[in-house]
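Sequence lines set the chain letters: A, B, ... in the order given, protein chains first and strands last, and positions in each chain run from 1. Worth saying up front: this structure is predicted, and the values here are computed from it rather than measured.
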Protein chains: 2
Amino acid sequence: MRPSRSRVSIKDVSRHAGVSVSTVSHVLNGTRYVSPELRARVEAAITALDYRHNGLARSLRTRRSYTIGLIIPDVSNPYYPQLARGVQDTADEAGYAVFLCNSDRRPEQEVRLVAALEQRQVDGIILDAAGPTPELLTALRRLRQPVVLVGSRIDEPDFDRVMMAPHGSYDAVRYLLSRGHRRVALIGGPPVFGSTRPTKAAGYLAALAEAGIEPDPALIMQGDYTREGGRLAMHRLLALSAPPTAVFAGNDLMALGALVAAREAGVRVPEDIAIVGYDDIPEASVAVPALTTVAVPKYEMGRVAAELLLARLRGEGSQQPQRIELPHRLVIRASA
Amino acid sequence: MRPSRSRVSIKDVSRHAGVSVSTVSHVLNGTRYVSPELRARVEAAITALDYRHNGLARSLRTRRSYTIGLIIPDVSNPYYPQLARGVQDTADEAGYAVFLCNSDRRPEQEVRLVAALEQRQVDGIILDAAGPTPELLTALRRLRQPVVLVGSRIDEPDFDRVMMAPHGSYDAVRYLLSRGHRRVALIGGPPVFGSTRPTKAAGYLAALAEAGIEPDPALIMQGDYTREGGRLAMHRLLALSAPPTAVFAGNDLMALGALVAAREAGVRVPEDIAIVGYDDIPEASVAVPALTTVAVPKYEMGRVAAELLLARLRGEGSQQPQRIELPHRLVIRASA
DNA sequence: CTGTTAGCGCCTTCAG
DNA sequence: CTGAAGGCGCTAACAG
């Protein structure tokens, strides 16, 4: 009768077991009492026919896919795997699967990915965005599913968000100052379009100001968060007639690049120049000298973001967007 | 009439535009000619009603989810992000989204994840498995969707698979031998249950044999692919009455641990002892001394695996399972 | 305690 | 060139 042994559905199972489809559905989901006898027949039919539950159909019906989307700049950037793992572990424990997407920090890409995830009917999205571009914000706001923002580049009050405490760079520079450094350079990141958040440069400036030190523009470099960018910036710093005695880099990748530059220039770290990074990526502890850095709780951020999202999906928690700030920690190693 | 402004479907759009649902569907998918006039009306209705295409319903109907699953041991292990990126890029280009799952190299977990992905109706699965456990193999074979195996721990002829060339450890040890080393130690990985593939130990032994060197059991350590495991193994090696002059570690994480151990013991690398790793993870080039290692084309492996899977999904290619072997490359840096 | 039935939102013959 | 209609496989009222 059936064309071939194509796919077997709940209906085939019900027929085989001599029960109704709703009974099958209920034994599948444990969602109402079914007599041991019928249950046994259903289970027998299931294995006899080698039936598999179709989650798509179920999701279509229940409007819940038990699926979330995670958009990060790049999994192969050592910062993100831990964050990803944090959300995945949390999601997995709750029965959710996660679509992992890389945006390469390109706003159009982010917008595209958000749309693709929406179309796949994810229940929610966690996003580490490049910045608060109007297009992205619009795309996010018209979304029907909840969004949690991670990272510190967007701080819009109408979204749930988990961010790092803002004063990491301040702490780092203060530490350098406390060690007697007076000429402290900054290798910052590129400006984030439209961001209203205090930048790393702000913390740097604040620490200098507090110590009564006039910032020297020559010591302020703009990097791009890549290793190579850090290396180049460091070389320019080292070529100055009055080079700095300490450098604070906006992330570890750039700090590591700076380390390479120092070695290339025959300058000793930390004896001739101290270096502090930001993030505490795995490589930071392996480098020689091991990098002093502002440790960011990456795994924890992922976990908290996922928990926030799941709570929202469960309808728990306050209705207002939450803003969660996670503490950093200055990890003092050998480079400063 | 409709309860509320809940969800708008293709049917609402058709009504609003005064056309049939099939016309709407066809403008949505560009799947048959629609007169400019009707098309315009449909498009107007779409924006007017703020309609969003429901991918779940579509997939249910077409039996294609444009979704694949990727199961790896652990994203936060520096080996995997690049592999993951390779498959994600390839999938993304072809319009597929990828579910990323971590198995922590636990067979039961792998089996569980395979089932979860199947239920979510992924079109295919890419898996870097812990080993050929019978349960996993069974689960994989009863799957209705294609599977591609990556990594070298399973080499079953009835699956598509992309693996590394087998002689990496042989090359590494031969290199050490060519540099005059005679006492070369091995820090291997744990045995892979049921695997028939040549292990790294095999290559090590082969290279020694070829050089006419009797393997010394005291120089063969079993590690666990973790940094700490490498560190411990190295300490034991260093404590030997006749310690080795060179060490080959089965992966970079262990080699890095060995480096740490050497430093702790005040032994210089490579002057007192040479170290070669395997994988070429990002940290390998940052370490001091930079690690000489067998570079594995991780990104490429991911890409090739995804391409293989996509080809299968398109029904292209030979019907027989493919076995693709990717070459490694010995990267000589400072540690040996 | 179990069965019938109406969709979820979409694609795709089959007619016209 | 366009429309009508039948499911894809499942859940959840609603009856009984």
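- For Arg120(A), there are no salt bridge (Lys or Arg N to Asp or Glu O under 4.0 Å) partners two or more places apart in sequence or in a different chain.
- When the side chain to side chain donor-acceptor pair (under 3.5 Å) test is applied to Arg41(B), the partners found at least two apart in sequence or on another chain are Glu37(B).
- The side chain to side chain contact (heavy atoms under 4.5 Å, CB included) test applied to Arg141(A) returns Leu137(A), Glu156(A), Asp158(A), Phe159(A), not counting sequence neighbours.
- A donor atom on one side chain and an acceptor atom on the other are not found under 3.5 Å apart for Tyr80(B) and Asn102(B).
- The ring pair (Phe, Tyr, Trp, His ring centres under 6.0 Å) analysis of residues 106-146 of chain B, with sequence neighbours excluded, yields no pairs.
- Taking side-chain N and O atoms only, Thr23(A) has a distance below 4.0 Å to OP1 or OP2 of dG3(C).
- Of the residues in residues 36-47 of chain A, Leu38(A) come within less than 4.0 Å of DNA chain C through at least one heavy atom, sorted by number.
- Residues meeting the side chain to side chain contact (heavy atoms under 4.5 Å, CB included) test with Asn29(B), sequence neighbours left out: Ser25(B), Thr31(B), His53(B), Arg58(B).
- For Glu300(B), the side chain to side chain contact (heavy atoms under 4.5 Å, CB included) partners at least two apart in sequence or on another chain are Pro297(B), Val304(B), Leu326(B).
- Within the helix from dC1(C)-dG16(D) to dG16(C)-dC1(D), the inter-axis angle between the opening and closing five-pair segments is 40°, rounded to 10°.
- The nearest whole Å value for the distance from the CZ atom in Arg15(B) to the C1' atom in dC10(C) is 15 Å.
- For the side chain to side chain contact (heavy atoms under 4.5 Å, CB included) test, residues two or more places apart in sequence or in another chain that qualify with Ala305(A) are Ile126(A), Val148(A), Val150(A), Val162(A).
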When you check every protein heavy atom under 4.0 Å of nucleotides 6-16 of chain D, what one-letter string (B, S, -) results, 5' to 3'? BBBBBBB-B--

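- In this structure, Glu135(B) has no salt bridge (Lys or Arg N to Asp or Glu O under 4.0 Å) partners at least two apart in sequence or on a different chain.
- Applying the ring pair (Phe, Tyr, Trp, His ring centres under 6.0 Å) test to residues at least two apart or on different chains, the pairs with a partner in residues 82-128 of chain A are Tyr66(A)-Tyr96(A), Phe99(A)-Phe99(B).
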